[in-house]
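Have a look at the structure below before the remarks.
Labels below follow one simple rule: chain letters A, B, ... track the order of the sequence lines, proteins then strands, and each chain is numbered from 1. Source: prediction; values computed, not measured.
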2 protein chains.
Amino acid sequence: MKIDPTNILKEHALKHTKQRVRVLEEIALDTVAISQPELEKKLGKEIDRVTLYRILNIYEDKGILHRIMDMNGTANYAICSSSCSAEHHHDEHIHFNCTTCNKIYCLDVAVPHSTMPKGFTAKTVNTTAYGICEKCNLAVKKN
Amino acid sequence: MKIDPTNILKEHALKHTKQRVRVLEEIALDTVAISQPELEKKLGKEIDRVTLYRILNIYEDKGILHRIMDMNGTANYAICSSSCSAEHHHDEHIHFNCTTCNKIYCLDVAVPHSTMPKGFTAKTVNTTAYGICEKCNLAVKKN
DNA sequence: AATATAAATGCAATATAATTGCATTTATAT
DNA sequence: ATATAAATGCAATTATATTGCATTTATATT
């Protein structure tokens, strides 16, 4: 995914700081979502823990990133598709959480719709499939 | 939901202790999932924090409870339907997470199936809808 | 019913994660 | 060039989870 951090920050009226740029760069490196601890490990020397928290929060608020919780309650972040906004996260796609390598993929698969019971109004629907990802499936075959 | 703690414990070859019974009783009170902090608040006088963690973990392992993470990374617990086992959690239903009261409902709605991309093998699929639950929707209308 | 023993509990200590307050630094509008 | 409003980093705090170990408890056996 090719992103332009400077432009993203401008679009959302956020100050352009090197920490904010670095976070976006790091997350954009992979289409796979990256976890908070991984980010912290990668950026820990350059960016303070607290600052990282704050940057991730503001990015989520603005709809720049979206946050996916894995089964351990760890936050994972991925760049939102361009149609996201602060009001409405367009994260109605399927996440695939590999139980071997723990990576979270954003799958390009339509979310099947299901009707809610009477009285319940759904805003967003999130589907996460747990299983073995392509890479780990291949790794098993090799051994 | 009518459950028999003594029987459940026996079925899973778990020792019958008053703490374990209390946890099951408390969770069975409501069809809605209960969060770890809520449980802790309710049982904190009777059961030690650590013991509670351990009981919840063992119940999850055995397939007696299933754990649903809410968007804050907080664990919520609900009694598994009888078809659950240690090997295979039958949690292929839809959860509804109310963004107002934060409660998580286990909806009795079939999970729509979606096909995984080539190379990905899914074991379980979890769908969570976020929105306003029946109770909170009614509460709004009243005001 | 008494007792051996293996497991569960509770407490203290430790580890890990997240948040808050505040002084300093930095981006940007003028 | 500079004023100022915001972001950062650090220290301290608070919250959450885990580990080790002594004590208690459930249950199988006699």
Side-chain angles (χ1 to χ4, degrees), chain A residues 4-27 33-62 64-65 67-77 86 102 104, chain B residues 4-27 33-62 64-65 67-77 86 102 104:
Chain A
D4 177 354
T6 302
N7 203 42
I8 291 175
L9 291 171
K10 199 168 289 174
E11 275 172 5
H12 292 88
L14 292 172
K15 271 198 186 171
H16 180 276
T17 69
K18 64 175 189 300
Q19 293 88 339
R20 288 179 174 176
V21 171
R22 283 294 291 119
V23 170
L24 283 178
E25 281 174 353
E26 204 56 47
I27 294 178
I34 184 166
S35 71
Q36 163 102 27
E38 279 178 297
L39 271 174
E40 219 172 295
K41 209 165 57 184
K42 283 195 173 183
L43 300 173
K45 303 278 172 189
E46 308 170 51
I47 307 180
D48 185 79
R49 252 179 93 61
V50 177
T51 303
L52 182 57
Y53 275 112
R54 291 193 272 227
I55 289 176
L56 291 172
N57 281 338
I58 207 171
Y59 281 176
E60 202 201 345
D61 284 352
K62 294 280 183 176
I64 297 169
L65 295 182
R67 195 185 58 172
I68 311 123
M69 281 290 168
D70 66 22
M71 42 197 185
N72 306 310
T74 303
N76 289 65
Y77 293 91
N102 246 316
I104 297 181
Chain B
D4 177 354
T6 302
N7 204 40
I8 291 175
L9 290 170
K10 199 169 288 174
E11 276 173 7
H12 291 88
L14 292 172
K15 271 196 182 171
H16 179 278
T17 68
K18 65 175 188 303
Q19 293 87 339
R20 287 179 175 174
V21 171
R22 284 294 290 118
V23 170
L24 283 178
E25 282 174 353
E26 203 56 47
I27 294 178
I34 185 168
S35 71
Q36 163 99 29
E38 278 177 297
L39 271 173
E40 219 172 294
K41 209 166 58 186
K42 285 195 171 183
L43 300 173
K45 304 275 174 195
E46 309 171 48
I47 307 180
D48 184 81
R49 252 179 92 60
V50 177
T51 303
L52 181 56
Y53 275 112
R54 290 193 273 227
I55 290 177
L56 292 172
N57 280 338
I58 208 171
Y59 283 175
E60 202 202 345
D61 284 353
K62 295 278 185 179
I64 296 169
L65 295 182
R67 195 185 58 171
I68 310 123
M69 280 290 167
D70 67 21
M71 42 195 184
N72 307 311
T74 302
N76 290 63
Y77 293 90
N102 246 317
I104 296 181

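Checked against salt bridge (charged side-chain N to carboxylate O under 4.0 Å, His left out), B:R54 has no partners two or more places apart in sequence or in another chain. With sequence neighbours left out, A:N102 forms a side-chain contact (heavy atoms from CB on, under 4.5 Å) with A:D70, A:N72, A:N97. With sequence neighbours excluded, no residue forms a side chain to side chain donor-acceptor pair (under 3.5 Å) with B:T51. Residues forming a side-chain contact (heavy atoms from CB on, under 4.5 Å) with B:E46 (at least two apart in sequence, or on another chain): B:R22, B:L43. Residues passing the salt bridge (charged side-chain N to carboxylate O under 4.0 Å, His left out) test with A:E38: none are found, sequence neighbours excluded. Residues passing the side chain to side chain donor-acceptor pair (under 3.5 Å) test with B:K42, sequence neighbours excluded: B:E26. For A:T6, the side chain to side chain donor-acceptor pair (under 3.5 Å) partners at least two apart in sequence or on another chain are A:H16.
Nearest heavy atom pair, residue A:V21 against residue A:P5, reads CG1-CB, 4.0 Å. The two atoms that bring A:T74 and A:N76 nearest to each other are O-OD1, 3.1 Å, heavy atoms only. The shortest non-hydrogen separation linking A:Y59 to A:R20 is OH-O, 2.8 Å.
The nucleotide range of DNA chain C contacted by chain B, defined by atoms under 4.0 angstrom from heavy atoms of the protein and reported 5' to 3', is C:dA6 to C:dA12.
A:T17 is not listed as a side-chain neighbour of A:I47, based on a closest heavy-atom distance of 4.5 Å or more. Using a 4.5 Å cut-off on side-chain heavy atoms (C-beta onward), A:D4 and A:I8 make no contact.
Rounded to whole angstrom, the span from the NZ atom of B:K41 across to the C1' atom of D:dA15 amounts to 15 Å.
Counting only Watson-Crick or G-U wobble pairs whose defining distances are both under 3.5 Å, the stems of 3 or more consecutive pairs in DNA chain C are C:1-30 with D:1-30.
Against DNA chain C, the stretch residues 70-77 of chain B makes no heavy-atom approach under 4.0 Å. Residues from residues 47-55 of chain B lying near DNA chain D, meaning a heavy-atom separation below 4.0 Å, are B:R49, B:V50, B:Y53, B:R54 in numerical order.
Looking at heavy-atom distances under 4.0 Å, A:E40 makes no contact with the nucleic acid at all.
B:R67 places no side-chain N or O within 3.5 Å of a backbone atom of B:N57 that could act as its donor or acceptor partner.
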